[in-house]
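Structure record follows, encoded as C-alpha cells.
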Amino acid sequence: MERRTFWFFTVPSVAVMVLLMVVPLATTVWLGFHRLLLRDLKNPTWIGLQNYTDILTDPEFWAAFRWTMLFVVLVVPIQMVLGLAVALMLDRVVRGRSFYMAALLTPFIVTPVVGSLVYKDLFDRGGLIAWLWQVIFDDPFQITSGNVRYLIVIQAVWAVMPFAMITFFAGMQTLPSERLEAAAIDGAGFWRNLWHVVLPHLRTLVLFVGLISVMDMYRIYDQVFVWTGNRFTDAHTLQVYNVRIATAFDIGRVGKGNAMAVLTVIGILVVLVPFLYRSYKDQISERT
C-alpha cells in the first residue's frame, strides 16, 4: 500500500478517535485539578491534588469501592457460568432454537433503566413477587439495605448473561465435529469433553467476555441508581458515588467528579491488567 493511500484511510479515523477520546480524557484530567462548581462553571480554581485527597480520604468512596469490587467478583463469574450452561443447552436443541434464543436475548436488548424499573416493580408493593411473598410468608416484602444488594446482583446477572450466552454459543458453532467425535470414541463423558475439548476451544472468547464484563460491571450505574436512588448509600457503586458528588445539591463539585472519573479509568486499567496480560500471552503463543 502506498503511503498516501495509507494516510488517506487512517487520518480520518485517528482524528475522530482523538476528538472523541483523547480530548475529553485530557479535559477530564485537567478539570480534576480544579475546584469547579455547577453554579460557577466559568471560573475554575487550581487546587492541585486536593480533589484526589478529598476522595481518597472519604469513607463513602471506600465503601463504594469495596461494594463495586464485590459486585464485579460476584456478577462476572456467575453470568459467565450461566451463559456457558445456557449455550451448551442451546447447542443441543434442534427444534425451536431460534425462538429460545430470541427469548433469552430479550434482557440484553432492553434498555437498562427500563429493565431495572420493570424488575424493581416486581418487588415493590403490589408487585407479583411482593404479593407471592406476602401470600407464602404472611409478611409484606420490603426493599431494605439488607436485601437490596442481593436484588441488584440478581438483576445484573439477568441483564448481562445473554451476552456471554450468545458469544459462547457462536464460538461453539466453530468447534470442529471431528474433535467431538474423537473424544466420544475415546470414551470421554460430558464433563471431560467440556473440560478438554469445548473450553480450550472457547478460551479466547472466555477472556473476551471476561474483559468486557469486568469493564461493564466496574462502571455500572443505571441499575444501581434505579434501585437505590438517594437511599441505601451503602449499596452505591463508584459511578453512583461519582454522580452524587458531581451534582451534589445545588452546588455540584464538578472538579471533584472529574477527579473521580480519572480514578475510575485508572481502576479499570488495573482490574483489566490480568486479562490483558493473558490475552497477550495467548497471542504470542499462537504466533510461535
Side-chain angles (χ1 to χ4, degrees), residues 14-76 112 145 148-149 152 156 210-280:
V14 171
V16 172
M17 292 288 286
V18 170
L19 182 63
L20 297 181
M21 297 182 64
V22 178
V23 173
L25 180 59
T27 304
T28 300
V29 173
W30 182 79
L31 290 175
F33 294 113
H34 292 75
R35 177 181 288 110
L36 182 63
L37 306 180
L38 280 175
R39 63 185 181 186
D40 191 18
L41 293 175
K42 296 182 179 180
N43 297 301
T45 304
W46 177 270
I47 57 173
L49 297 174
Q50 185 62 46
N51 285 326
Y52 294 93
T53 303
D54 291 344
I55 292 172
L56 295 176
T57 56
D58 186 355
E60 287 192 19
F61 165 78
W62 290 109
F65 176 79
R66 288 191 295 270
W67 165 230
T68 302
M69 292 297 100
L70 179 61
F71 183 80
V72 172
V73 170
L74 288 175
V75 173
V76 173
S145 58
V148 68
R149 290 189 176 188
I152 292 173
L211 188 93
I212 299 299
S213 300
V214 167
M215 286 193 297
D216 286 345
M217 295 303 103
Y218 187 90
R219 55 188 178 84
I220 190 170
Y221 171 80
D222 307 70
Q223 295 95 320
V224 178
F225 181 78
V226 169
W227 277 98
T228 61
N230 293 322
R231 304 183 302 163
F232 312 130
T233 56
D234 55 340
H236 283 178
T237 56
L238 288 173
Q239 293 305 299
V240 179
Y241 169 82
N242 188 10
V243 172
R244 281 183 58 217
I245 64 175
T247 60
F249 305 106
D250 61 340
I251 302 175
R253 293 163 287 186
V254 179
K256 193 174 180 180
N258 279 275
M260 182 62 211
V262 173
L263 292 176
T264 300
V265 172
I266 295 174
I268 291 176
L269 291 177
V270 172
V271 171
L272 292 182
V273 163
F275 293 93
L276 296 174
Y277 177 75
R278 183 62 185 176
S279 178
Y280 171 76

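- Using a 3.5 Å distance cut-off with no hydrogens or angles, the side chains of His34 and Thr45 do not pair a donor with an acceptor.
- Glu60 places a side-chain heavy atom less than 4.5 Å from the side chain of Arg244.
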**Request:** Check the pair Phe232 / Arg149 against side-chain contact (heavy atoms from CB on, under 4.5 Å), numbers first and verdict last.
**Result:** CA-CA 9 Å; Phe232 312 130; Arg149 290 189 176 188; over 6 Å; no

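- The two residues Met217 and Val75 come nearest to each other via the heavy atoms SD-CG1, 3.6 Å.
- Aromatic ring orientation, Tyr52 versus Phe33: tilted (interplanar angle from 30° to 60°).
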**From CA spacing to verdict: side-chain contact (heavy atoms from CB on, under 4.5 Å), Thr68, Tyr218** = CA-CA 6 Å; Thr68 302; Tyr218 187 90; 4.2 Å; yes

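- Annotation: the span from Leu211 atom CG to Asp216 atom CG amounts to 9.5 Å, rounded to 0.5 Å.
- A distance-only check finds no donor-acceptor pair linking the side chain of Asp54 to the backbone of Lys256 [under 3.5 Å].
- Residues Asp222 and Gln239 are not in side-chain contact: their nearest non-hydrogen atoms beyond the backbone lie 4.5 Å or more apart.
- Using modelled atom types, one finds a donor on one side chain and an acceptor on the other under 3.5 Å when comparing Asp58 with Tyr241.
- Of the listed residues (Ile152, Val72, Val224), just one forms a side-chain contact (heavy atoms from CB on, under 4.5 Å) with Thr237, and that residue is Val224.
- With Trp62 contributing its side chain and Leu56 its backbone, the two residues share a donor-acceptor pair below 3.5 Å.
- Separating the CG atom in Leu263 from the CG atom in Asn258 is a distance of 11.0 Å, to the nearest 0.5 Å.
- Between the side chain of Asn51 and the backbone N or O of Gly32, at least one donor-acceptor pair lies under 3.5 Å.
- Ring pair Trp67/Phe71 is perpendicular by interplanar angle, where above 60° counts as perpendicular and below 30° as parallel.
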**Item:** Trace of the side-chain contact (heavy atoms from CB on, under 4.5 Å) decision for Tyr221 with Asn242
**Value:** CA-CA 10 Å; Tyr221 171 80; Asn242 188 10; over 6 Å; no

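- Residue Gln223 holds its CD atom at 11.0 Å from OG1 of Thr228, rounded to the nearest 0.5 Å.
- Within the 4.5 Å cutoff, the side chain of Leu31 has heavy atoms near those of the Thr27 side chain.
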